[in-house]
Amino acid sequence: MSSIERDVVVIGAGASGLTAATELTKAGLTVAVLEARDRVGGRLWTDDIDGATLEIGGQWVSPDQDALIETLADLGLETYSRYRDGINIYLGENGERRTFEGDIFPVAQSTEKEIVALIDRLDALVAEIDPERPWAHPRAKELDEISFRRWLETQTDDEEARKNIGMFIAGAMLTKPAHAFSALQALLMAASAGSFSNLVDADFILDKRVKGGLQQVPLLLAERLGDDVHLNAPVRTLRWDENGVTAIADGVEVHARFAILAVPPVLISRISYEPPLPRRQQQLHQHLSMGFVIKVHAVYETPFWRDLGYSGTAFSPYELVHEAYDNSYDGDPRGTLVGFVSDENADGVFELSPEERKQRILESLSHYYGEQALNPVVYYESDWGSEEWTRGAYAASFDMGGLARYGADLRKPVGPIHFSCSDMAGKGYQHVDGAIRVGRETAAAILAAVVPA
Ligand SMILES: Cc1cc2nc3c(=O)[nH]c(=O)nc-3n(C[C@H](O)[C@H](O)[C@H](O)COP(=O)(O)OP(=O)(O)OC[C@H]3O[C@@H](n4cnc5c(N)ncnc54)[C@H](O)[C@@H]3O)c2cc1C
Ligand SMILES: [Mg+2]
């Protein structure tokens, strides 16, 4: 067991922890980053699968994500646009296949009217929410007591309108069923992206990708930190008092003035604290849980849908794969589709054998793009639910009532222990941009404590 001394120990080498470590180092403090896995990046993971470069975790960059965009520029990383030329596909309740351009799905005129009205109402509510303090909204408690599903039922009797709007936040973002989170949690998700209209605009939310893959961000940040990043070093125990901490990981222990817990909130209680964390933290960490989604990649000899005039963008609240996109990798002449299977649908297909699951998922893709979708040359399912150091995808959110009750305390430091993660962000919540923002803010809070103004 090696024993080292630093100003700050950072637990977790994801985008958030590495950003905090970078900022502290720039300000002249010494750091050690302890990472459980044999790689950095956490939920950012670009890998070669059977000869195809795939983003197993996060990948897209949207134009409002200025913290991420600054980091990309700082690291010299370039972006490219997601392919989106051509027409989009929508499948209705009975499998009716309709094409469309723009954001509003091709539904009956009465349903379209309800969808537009719902988007307007959500935009108006979102405008009242400060994503950094959603609990401060005058109706926060009331909005946190009703599930998003029930709230939608109070707004319109049109089931297809509700399913479409529900899908954007439930299946596509929080990756939990709409009965499992509150209207307030849904509003935070939308406010974190600027507006609800932004969320339904795939060309905004899924705008750019990073050349070489988004894992370049943590890889390059870690490279700059050099030997201060320790891999295969899961922290098991954190001893703390008002003067400092000792983080005990496999093979290494770090004595420091401060600790940053840069792990998903569901993993905070995996560490033993001596003494235990206070009552408030022990309680509040039980009220956050990870969503669950399977990200599926299918690589084909050619991007055949483009020749048929399709953009690759496809949606249906009635399909196993509720959304899919052209995800062809920069410079690869082959065509790649990415699709998502969310929450209860994901539970369902994980009951099947791998072969059956693959078959069901490819069949769903073929409902959108035709028979050719059945025969990819590379096929891959991300399974973040099986990752010990993540336990779900994309990120964590509060249960019903949890955001109003505990939200304000989520990032409050406990003595020398600070918390940093995308799942604790306001702007950029559940996204890399949020991970970076919170990482910067956590570093600033520690610097303010070290060097009083
Ligand atoms: C499939 C998928 C798709 C996504 N798509 C997008 C996207 O397109 N755009 C986007 O912006 N975001 C996306 N996201 C979300 C984004 O990836 C995350 O919000 C972000 O990467 C989280 O960064 P983080 O540093 O907060 O947490 P993490 O990346 O989870 O990092 C936490 C780190 O802590 C480590 N750790 C945990 N416990 C311990 C311990 N006890 N000791 C030491 N280390 C520990 C973990 O191994 C991990 O490396 C996606 C996520 C997934 C899973
Ligand atoms: Mg991190």
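One-based numbering, in listed order, for ligands and for the atoms of each.
Residue Ala393 approaches ligand 1 through these ligand atoms, each under 4.0 Å from one of its heavy atoms: 53 (C). Atom numbering of ligand 1 starts at 1 in the shown order; those under 4.0 Å from a heavy atom of Cys421 are 26 (O). Atoms of ligand 1 lying under 4.0 Å from any heavy atom of Leu44, numbered from 1 in the order shown and given with element: 17 (O), 21 (O). Near Gln430, meaning under 4.0 Å from any of its heavy atoms, are these atoms of ligand 1: 15 (C), 19 (O). Close contacts between ligand 1 and Ile11 involve ligand atoms 40 (C), 42 (N), 43 (C) [criterion: under 4.0 Å to a heavy atom]. Less than 4.0 angstrom separates some heavy atom of Ala15 from each of these atoms of ligand 1: 25 (O). Residue-ligand proximity, Pro264 to ligand 1, at heavy-atom distances under 4.0 Å covers atoms 30 (O), 32 (C). Each of the atoms 29 (O) of ligand 1 lies under 4.0 Å from some heavy atom of Gly41.
Under the 4.0 angstrom criterion for non-hydrogen atoms, Arg270 is not in contact with ligand 1. Look at Ile56 and you'll find a heavy atom under 4.0 Å from some atom of ligand 1. Contact between Ile271 and ligand 1 is present, with at least one heavy atom of the residue lying under 4.0 Å from the ligand. For Ser382, the closest heavy-atom approach to ligand 1 does not fall below 4.0 Å. The shell of residues lying under 4.0 angstrom from ligand 1, judged by heavy atoms, excludes Ala395.
Classification of the Phe340-His322 ring pair by plane angle, with boundaries at 30° and 60°, yields tilted.
Side chain of Thr19 to main chain of Ile436: no donor-acceptor pair is present (N/O by atom type, distance under 3.5 Å, no hydrogens or angles). The backbone N or O of Leu267 sits nowhere less than 3.5 Å from a side-chain atom of Trp389 that would complete a donor-acceptor pair.
Of the charged side-chain nitrogens involved, at least one lies within less than 4.0 Å of a carboxylate oxygen, so that Asp423 and Arg43 count as a salt-bridged pair.
Every N/O-N/O distance between Lys295 and ligand 1 stays at or above 3.5 Å.
Stacking of Lys295 on the aromatic ring of Trp60 is recorded, both the 6.0 Å distance cut-off and the 45° axial limit being met.
Side-chain N/O atoms of Glu253 and Thr246 include no donor and acceptor closer than 3.5 Å. A side-chain donor from one of Thr46 and Glu55 sits under 3.5 Å from a side-chain acceptor of the other.
Taking CZ from Phe168 and CD from Glu323, the interatomic distance works out to 8.0 Å, rounded to the nearest 0.5 Å.
Proximity annotation for atom 9 (N) of ligand 1: of Trp384, Tyr429, Trp60, Trp60 comes nearest, heavy atoms only.
The shortest distance between side-chain heavy atoms of Lys427 and Asp66 falls below 4.5 Å.
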